[in-house]
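This report concerns only the one structure given below.
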Amino acid sequence: MRLLVLGGTHFLGRHVVAAALDRGHDVATLTRGLTGQPPEGARALHGDRDDPAALGEALDGWQPELVVDTSCQTRAAAEHAAAVLAGVHGYAFVSSLNAYRNWPPGPVGQEDAEPTWDTGDDDYGPNKAHAERVLSAAVGPTFVTARAGLIVGPHDPVYRLGWWLDRIARGGRVVVPAEGLDQPISLVDARDLARWLVGMAERGQGGAVNATGPVGMTTYGGLLEVCRAVTGSDAEWVPVPEEELLAVGVQEWVHLPLWLRQEEARTAWDVDTTRARRLGLGSRELEATVADTWAWMRSSERPPVPAHRPAPGLPDELEQRLLAAGR
Ligand SMILES: NC(=O)c1ccc[n+]([C@@H]2O[C@H](COP(=O)([O-])OP(=O)(O)OC[C@H]3O[C@@H](n4cnc5c(N)ncnc54)[C@H](OP(=O)(O)O)[C@@H]3O)[C@@H](O)[C@H]2O)c1
């Protein structure tokens, strides 16, 4: 079928293109053409989603039957897509757990029981929730919104897992959050999510789905252990109590990627994915995700972290200070 990927040149979108080509679809991508090309085999259409005329002009009569939307970040982008693509057979939209009013900190129960944002703020979560409503109203029952949690895998230009792989590979004494090691976390491999999104669009399966890995699939410490094994590193963990990390200015999520303080982590990773599991969202072995991410990081020129994102990782000065503090 004719499948349009809105996005398709960075991370998740690339894997969606690959999955759609693998399924034999006739694939086109729509991007501004500023930050990369889609994988070979897809036709690259160009236009800015924030421009009301761009999508229609770029399609130029090519009518997609299926859409996977990985690139929607603004209300305007959703509204323009709704105006042009309402008649498609299946539309799979990549939203976020941030669409929920109560996440973070969560927990997140079953999709229909959790309120989403309905305010006019120009913020990530409210924008995703607005986009879901606009597109769902236009497309109807074959609109599915995947409220994604943490997405990882090859081609991830944000390098949250990537920073840990680099740091652990370098070896030596590595600062880790003492209480965080036992904290359950969940993630979804971009390739599993991509294949599933294409399948959902093909089936015209609608609704809202918490699209992340099963609760308790691993722990923070378990993930770091896999990184140590995959990189063959001799890294030695230096557990630092949360109180001390916060006191010296270590930022959750950014300086120690994927780390949240206990109070928040307890509920933030508690997301009901029963529906995702029932609808066949896969969750490959964590070892495979980490090993493939590491292989990609070593084999290719790494794309830069997008300009609007903070570079992940513990600044050297903070690391030295924490390592020197009596340990
Ligand atoms: N990473 C996570 O852990 C996580 C968690 C939850 C949800 N999400 C969501 O998952 C999705 C993943 O994104 P991704 O970066 O991996 O997708 P992607 O489709 O691989 O890359 C984003 C694409 O959007 C295009 N783009 C950006 N602005 C555009 C515009 N105004 N008009 C047209 N195209 C535009 C970019 O190309 P050009 O720059 O060339 O235009 C690029 O191709 C996002 O929707 C994100 O909100 C991510």
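Remember, it's 1-based here, ligands and their atoms both numbered in the order they're listed.
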Exercise. Counting each atom of ligand 1 from 1 as listed, which ones have a heavy atom of R49 under 4.0 Å away?
Worked result: 30 (C), 31 (N), 32 (N), 33 (C)

Exercise. Which heavy atom of the protein is the closest neighbour of atom 39 (O) of ligand 1, given with residue, atom name and distance?
Worked result: T35 OG1, 2.5 Å

For this session: Output the list of atoms in ligand 1 that are nearer than 4.0 Å to some heavy atom of L34, sorted by atom number.
Result: 38 (P), 40 (O)

For this session: Using distance alone, determine whether S96 and ligand 1 share an N or O pair under 3.5 Å.
Result: no

Exercise. Should R32 be counted as touching ligand 1, given the test is an N or O pair under 3.5 Å?
Worked result: yes

For this session: Determine, for D26 against R43, whether the closest basic-nitrogen to carboxylate-oxygen distance falls under 4.0 angstrom.
Result: yes

Exercise. Does H15 come within less than 4.0 angstrom of ligand 1, counting non-hydrogen atoms of the residue?
Worked result: no

Exercise. Nearest to atom 12 (C) of ligand 1, what protein heavy atom do you find, and at what distance?
Worked result: T70 O, 3.8 Å

Problem set entry | Numbered atoms and elements of ligand 1 in range of V94, under 4.0 angstrom, heavy atoms | 9 (C), 10 (O), 11 (C), 45 (O)

Problem set entry | ILVMFWY network linking L85 to M200, side-chain heavy atoms under 4.5 angstrom | no

For this session: Check the surroundings of atom CG in D182: do more than 12 heavy atoms from other residues, nucleotides or ligands lie under 6.0 Å from it?
Result: no

Problem set entry | Same apolar cluster (I L V M F W Y, side chains within < 4.5 Å links), L30/V16 | no

Exercise. So if you build clusters from Ile, Leu, Val, Met, Phe, Trp, Tyr with side-chain heavy-atom gaps below 4.5 Å, do V188 and Y100 land together?
Worked result: no

For this session: Around atom 22 (C) of ligand 1, find the nearest protein heavy atom and jot down its residue, atom name and distance.
Result: H10 ND1, 3.7 Å

For this session: Among all protein heavy atoms, pick out the one at the shortest distance from atom 5 (C) of ligand 1; state its residue, atom name and that distance to 0.1 Å.
Result: G149 O, 2.9 Å

Exercise. Among protein heavy atoms, which sits nearest to atom 42 (C) of ligand 1, and what does the distance come to when rounded to 0.1 Å?
Worked result: T9 OG1, 3.3 Å

Exercise. Touching ligand 1 at all, P38? Heavy atoms, strictly under 4.0 Å?
Worked result: no

Exercise. If you measure from each heavy atom of G47 to ligand 1, is any distance below 4.0 Å?
Worked result: yes

Exercise. Should K128 and E132 count as an ion pair when the cut-off is N to O under 4.0 Å?
Worked result: no

Exercise. Is any N or O atom of G33, backbone or side chain, closer than 3.5 Å to an N or O atom of ligand 1?
Worked result: yes

For this session: Output the list of atoms in ligand 1 that are nearer than 4.0 Å to some heavy atom of S71, sorted by atom number.
Result: 23 (C), 24 (O)

Exercise. What do you reckon, does F11 have a nitrogen or oxygen under 3.5 Å from a nitrogen or oxygen of ligand 1?
Worked result: yes

Problem set entry | W253 side chain reached by L260 side chain, heavy atoms, under 4.5 Å | yes

For this session: Mind checking salt bridge (charged side-chain N to carboxylate O under 4.0 Å, His left out) for D118 and listing every partner two or more places apart, or none if nothing turns up?
Result: R101

Exercise. Is a side-chain donor-acceptor pair under 3.5 Å present for N210 with R147?
Worked result: no

Exercise. Relative to the heavy atoms of S95, which atoms of ligand 1 are at a distance of less than 4.0 Å?
Worked result: 7 (C)

Problem set entry | G7 N/O to ligand 1 N/O under 3.5 Å | no

Exercise. Is it the case that one hydrophobic cluster holds both V94 and V271, taking links as side-chain heavy atoms less than 4.5 Å apart, direct or via other members?
Worked result: no

Problem set entry | Check: H80 side chain, R49 main-chain N or O, donor-acceptor pair, under 3.5 Å | yes

For this session: Decide, yes or no, whether a salt bridge links R23 with E202 under the criterion of side-chain N to carboxylate O below 4.0 Å.
Result: yes

Exercise. Looking only at heavy atoms of H155, does any of them come nearer than 4.0 Å to an atom of ligand 1?
Worked result: no

Exercise. Should E242 and R261 count as an ion pair when the cut-off is N to O under 4.0 Å?
Worked result: no

For this session: Between R309 and ligand 1, find which residue part has any heavy-atom pair under 4.0 Å and reply side chain, backbone, both or neither.
Result: neither

Problem set entry | Sub-4.0 Å atoms of ligand 1 with respect to non-hydrogen atoms of A148 | 6 (C), 7 (C)

Exercise. In ligand 1, which numbered atoms sit nearer than 4.0 Å to a non-hydrogen atom of D48?
Worked result: 30 (C), 31 (N), 32 (N)

Exercise. Non-hydrogen atoms of K128 versus ligand 1: any pair closer than 4.0 Å?
Worked result: yes

Seminar exercise, completed: In this structure, atom 16 (O) of ligand 1 is nearest to the protein heavy atom L12 N, 2.8 Å

For this session: Inspect the surroundings of CD in E285 and state if more than 12 heavy atoms from other residues, nucleotides or ligands are less than 6.0 Å away.
Result: no

For this session: Count the heavy atoms belonging to other residues, nucleotides or ligands that lie under 6.0 Å from CZ of R191, then report whether that count exceeds 12.
Result: yes

Exercise. Identify the closest protein heavy atom to atom 47 (O) of ligand 1: which residue and atom is it, and at what distance?
Worked result: Y124 OH, 2.6 Å

Problem set entry | Cation-pi geometry met for R228 and W237 (6.0 Å, 45°) | yes

For this session: Provide, to 0.1 Å, the distance between atom 4 (C) of ligand 1 and the closest protein heavy atom, together with that atom's residue and name.
Result: I151 CD1, 3.6 Å

Seminar exercise, completed: Quick note on ligand 1: atoms under 4.0 Å from a heavy atom of G13 include exactly 17 (O), 18 (P), 19 (O), 20 (O)

